[in-house]
Amino acid sequence: MAISPDDESSGHAPGCTGCGAHLAPDQRYCLECGERRGGIPAAIAKWLSIVEPPFEAAPSQTTTVDLASENGGEEASRRRYMPEPRSAAVAVLIVLAFGVLLGGLTGPAAQSAGIAPIVLYTEAEAVPASASAPKPTPKTSEPVPVAEAPLPAEVPLEPLAPEVPAPGPSKKTAPPELPEEPALPPIQHIFLIVLADYGFEETYGEGSAAPYLAKTLAEKGELLSNYYAVTSGDLANEIALVSGQGPTAATTANCPEYKDFASPALGATGQVEGEGCVYPAETQTLPGQLAAASKSWKAYVEGIGAGQAGEPTTCRHPAIGEADPAQAPRLGDPYQTWRNPFVYFHALVDSPECGERDVGLDQLSLDLKKESRTPTFSYIVPNACHDGGEAPCEPSAATGLAAAQPFLETVIAEIEASPAYKKSGLIAITSPQARQDTPESDISACCATPEYPNLPAPEAAPAANGPVKESGGGGRVGMLLLSPFVEPGSVNEAGYYNHFSFLLSVGELLEVTPPLGYAAEPSLAAFDSTVFNATASVTPSQTPARAGPTRTR
């Protein structure tokens, strides 16, 4: 800092007044003793007097202010405003500490802190002044330990809740509720009666020769008017009813020779491809499914035990490779092998179960006496004298549908009186196919009837507008249902069904899976609530209804 002209004109030598050290013309402070040349500005002196902490001098010490008053004159005036070097250093440190504390108190970290800042205050130690030794000696002292304040316990921060926008008008609409699958009735006993070949009009039309079937029973049950056979040939349709297998050339001809399949191969939907009559043991059947589900079955075949000496009375069939002697009824023996489809599966005829469950009709009345003895699935076949066929079983025997009436009256009455039917029964009456021996033979089909791999490709047929095709099937035969779960006197004209539909429905009602053979066709319709249409007043309440099936075919 430059010396003012007042200082230069005063005539003072350029030396320190305290210790006599040489000073440069522009030097304000002595480097030897710290003496200041000239007085300290009044504003700074006043500020230092406020900031510097007060202290009491020791009695034996003489302060700098006393020395200044003793010396008098200009030197005393200068020393009055000049602190000792150590005091100046302490003052500077206090100013710096004050600035740091002030910044900490007003900074972002202090504002967000959860506790008050800790301020430490220490008194400046008095510095002794000596007149004989103005040069200060640095004082050393042991550092004073400062107790550390305990840190506050860490407070867990709660996560901030996400900001939720204010609800506004929603443009999305709730998806429509899907209708629940209609419940199936708790049917636990099914009785299937298969008559001879007749079309729907012959059986249920105005000119029917079987008024008991067409009128009396129809008024007690439900008639499925659009029910079709799946192919030509009695045996081929009966095999379809219990296994879902398509026809072969041999089964459409009722298998005059009882022979195995030659080199069978398993094709699509479990179909056995090849030519033959007796299906290999790997072929799945409804009886096999029922047995696997711990449920029972029986075939009640009228006349099966009326064979010649040495022939079996149950599960009756020719030896493999032999001609079938029971293709037509014999005198005193009206049994026909092809009316009994169960003996055309190795899985059944090679098992002792066939002899126990493929039995005569006389066992039906015994099994109906108790529900526990009544099979889950019963297949009932009248012999050639009672099935309503056009060929007489004996020279003087009656023929046609009229011959089937006594059989139906007896069997239906026994079933309806049984505990099993009253609680959870269903009777189904149908024909294997429509008549194929007339000029107007009905070979129509419905319900996506497939092209069978074991038959020659059919001729191209005109495109059908609905589910019915003009060819490829066994004609419209109809089915009559009797059950506590159907409305008496009703006619179902909306649904279209066939023998594969019936097999599918039996599996769903009796809860056996999967659907067999062509019964697994995705487009096939099964019996549902439109068929089981009984009102609550006539529906039995002993057994609750089951949930409708979920089909994943």
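For clarity, every value in this text was computed on a predicted model and none was experimentally measured. All residue numbers refer to positions in the sequence shown, counting from 1. Below, all heavy atoms of this structure are taken into account, side chains as well, without hydrogens, waters or symmetry copies.
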Hey, are the side chains of Asn498 and Leu524 touching, using non-hydrogen atoms and a 4.5 Å cut-off? yes
Sequence neighbours excluded, every pair satisfying ring-ring contact (aromatic ring centres under 6.0 Å, His included) that has a member inside residues 268-302: Phe261-Tyr279, Tyr279-Phe345, Trp297-Phe342
With rounding to the nearest 0.5 Å, note down the distance linking CD1 in Ile443 to NZ in Lys469. 12.5 Å
Nearest heavy-atom neighbours spanning Val477 and Ala229: CG2-N, 4.1 Å
Between the main-chain N or O of Val531 and the side-chain N or O of Glu487, is there a donor-acceptor pair closer than 3.5 Å? no
Show the nearest heavy-atom pair for residues Pro406 and Ala403, with the distance to one decimal. CD-O, 3.5 Å
Strictly distance-based, threshold 3.5 Å: is any side-chain N or O of Ser431 a donor or acceptor partner for the main-chain N or O of Asp197? no
Please test Tyr452 against Tyr518 for side-chain contact (heavy atoms from CB on, under 4.5 Å), starting from the C-alpha separation and ending with a verdict. CA-CA 10 Å; Tyr452 301 116; Tyr518 286 122; 3.6 Å; yes
Can you spot which of Asn340, Asp358, Val301 makes a side-chain contact (heavy atoms from CB on, under 4.5 Å) with Cys315? Asp358
Any donor-acceptor N/O pair, Ser351 side chain to Cys354 backbone, under 3.5 Å: no
Contact check, side chains of Thr203 and Leu401, non-hydrogen atoms, under 4.5 Å: yes
side-chain contact (heavy atoms from CB on, under 4.5 Å) evaluation trace for Val194 with Ile429: CA-CA 6 Å; Val194 183; Ile429 306 171; over 6 Å; no
Are the side chains of Leu480 and Ile427 in contact, using a 4.5 Å heavy-atom criterion? no
Would Leu504 and Phe500 satisfy side-chain contact (heavy atoms from CB on, under 4.5 Å), going step by step from the backbone distance to the final call? CA-CA 6 Å; Leu504 171 63; Phe500 295 137; over 6 Å; no
Ser243 side chain near Leu286 side chain, heavy-atom distance below 4.5 Å: no
Please give me the minimum heavy-atom distance between Leu509 and Pro185, naming the atom from each residue. CD2-O, 4.2 Å
May I ask you to test the Leu482-Glu416 pair for a side-chain heavy-atom distance under 4.5 Å? yes
Rounded to the nearest 0.5 Å, the CD atom of Glu521 sits from the OG1 atom of Thr269 at a distance of 6.0 Å
Pro382 side chain near Leu195 side chain, heavy-atom distance below 4.5 Å: yes
Minimum heavy-atom distance Pro375-His189, with the two atoms named: O-ND1, 3.0 Å
Could you check whether Tyr198 and Glu390, counting side-chain N and O atoms only, form a donor-acceptor pair closer than 3.5 Å? yes
Is it true that Arg435 and Glu201 have a side-chain N and a carboxylate O under 4.0 angstrom from each other? no
salt_bridge(Lys259, Glu275) N-O dist < 4.0 Å: no
Separation between CD1 of Ile187 and OG of Ser424, rounded to the nearest 0.5 Å: 8.0 Å
Is it the case that the side chain of Gln289 and the backbone of Thr513 share a donor-acceptor pair, with hydrogens and angles ignored and the cut-off at 3.5 Å? yes
Side chains of His499 and Tyr227: do they bring a donor and an acceptor to under 3.5 Å? yes
Judged by atom type as modelled, is there a donor-acceptor pair below 3.5 Å linking the side chain of Gln327 to the main-chain atoms of Asp324? no
How about Gln433 and Ser232: do any of their side-chain heavy atoms sit closer than 4.5 Å? yes
Do Asp260 and His346 meet the criterion of a side-chain donor-acceptor pair at a distance under 3.5 Å? yes
May I ask you to check if Arg476 and Phe200 form a cation-pi contact, with NZ or CZ under 6.0 angstrom from the six-membered ring centre and within 45° of the axis? yes
As an exercise, state the distance from SG of Cys393 to CG of Asp387, rounded to the nearest 0.5 Å. 8.5 Å
I need the minimum non-hydrogen distance between Ala434 and Gly475, along with the two atoms involved. CB-CA, 4.2 Å
Between the main-chain N or O of Thr251 and the side-chain N or O of Thr248, is there a donor-acceptor pair closer than 3.5 Å? yes
I'd like to know if the side chain of Ser225 reaches the main chain of Asn492, judged simply by a donor and an acceptor atom lying under 3.5 Å from each other, with no hydrogens or angles considered. yes
What's the separation between atom OG in Ser378 and atom CG in Leu368, rounded to the nearest 0.5 Å? 7.0 Å
According to the ring-ring contact (aromatic ring centres under 6.0 Å, His included) rule, which pairs have a member within residues 385-437, sequence neighbours left out? none
Taking Asn254 for its side chain and Gly233 for its backbone only, find out whether a donor-acceptor pair lies under 3.5 Å. no
Contact between Val343 and Leu348 at the side-chain level, heavy atoms closer than 4.5 Å - yes or no? no
Evaluate the ring pair (Phe, Tyr, Trp, His ring centres under 6.0 Å) criterion for residues Phe191 and Phe377: first the C-alpha distance (whole Å), next the side-chain angles of each, then the deciding distance (0.1 Å), finally the verdict. CA-CA 6 Å; Phe191 306 87; Phe377 179 78; 9.2 Å; no
Step by step, would you call Glu222 with Leu224 a side-chain contact (heavy atoms from CB on, under 4.5 Å)? CA-CA 7 Å; Glu222 179 184 10; Leu224 306 182; 4.2 Å; yes
Give a yes or no on whether the backbone of Gly270 and the side-chain of Gln245 come within a donor-acceptor separation of less than 3.5 Å. yes
Under 6.0 Å between ring centres: does that hold for Phe527 and Tyr497? yes
Check: Ala402 main-chain N/O paired with Gln405 side-chain donor or acceptor under 3.5 Å: no
May I have all residue pairs that pass salt bridge (charged side-chain N to carboxylate O under 4.0 Å, His left out) and include part of residues 286-302, sequence neighbours excluded? Lys298-Asp367
For atom CG of Leu331, is the number of surrounding heavy atoms from other residues, nucleotides or ligands below 6.0 Å larger than 12? no
Rounded to the nearest 0.5 angstrom, the CG-CD distance for Leu266 and Gln271 is 8.5 Å
Heavy-atom pair with the smallest gap, counting every atom of Pro247 and Thr252: CB-CG2, 3.6 Å
In plain terms, say whether Asp333 and Arg316 are close enough for a salt bridge, that is, a side-chain N and a carboxylate O under 4.0 Å apart. yes
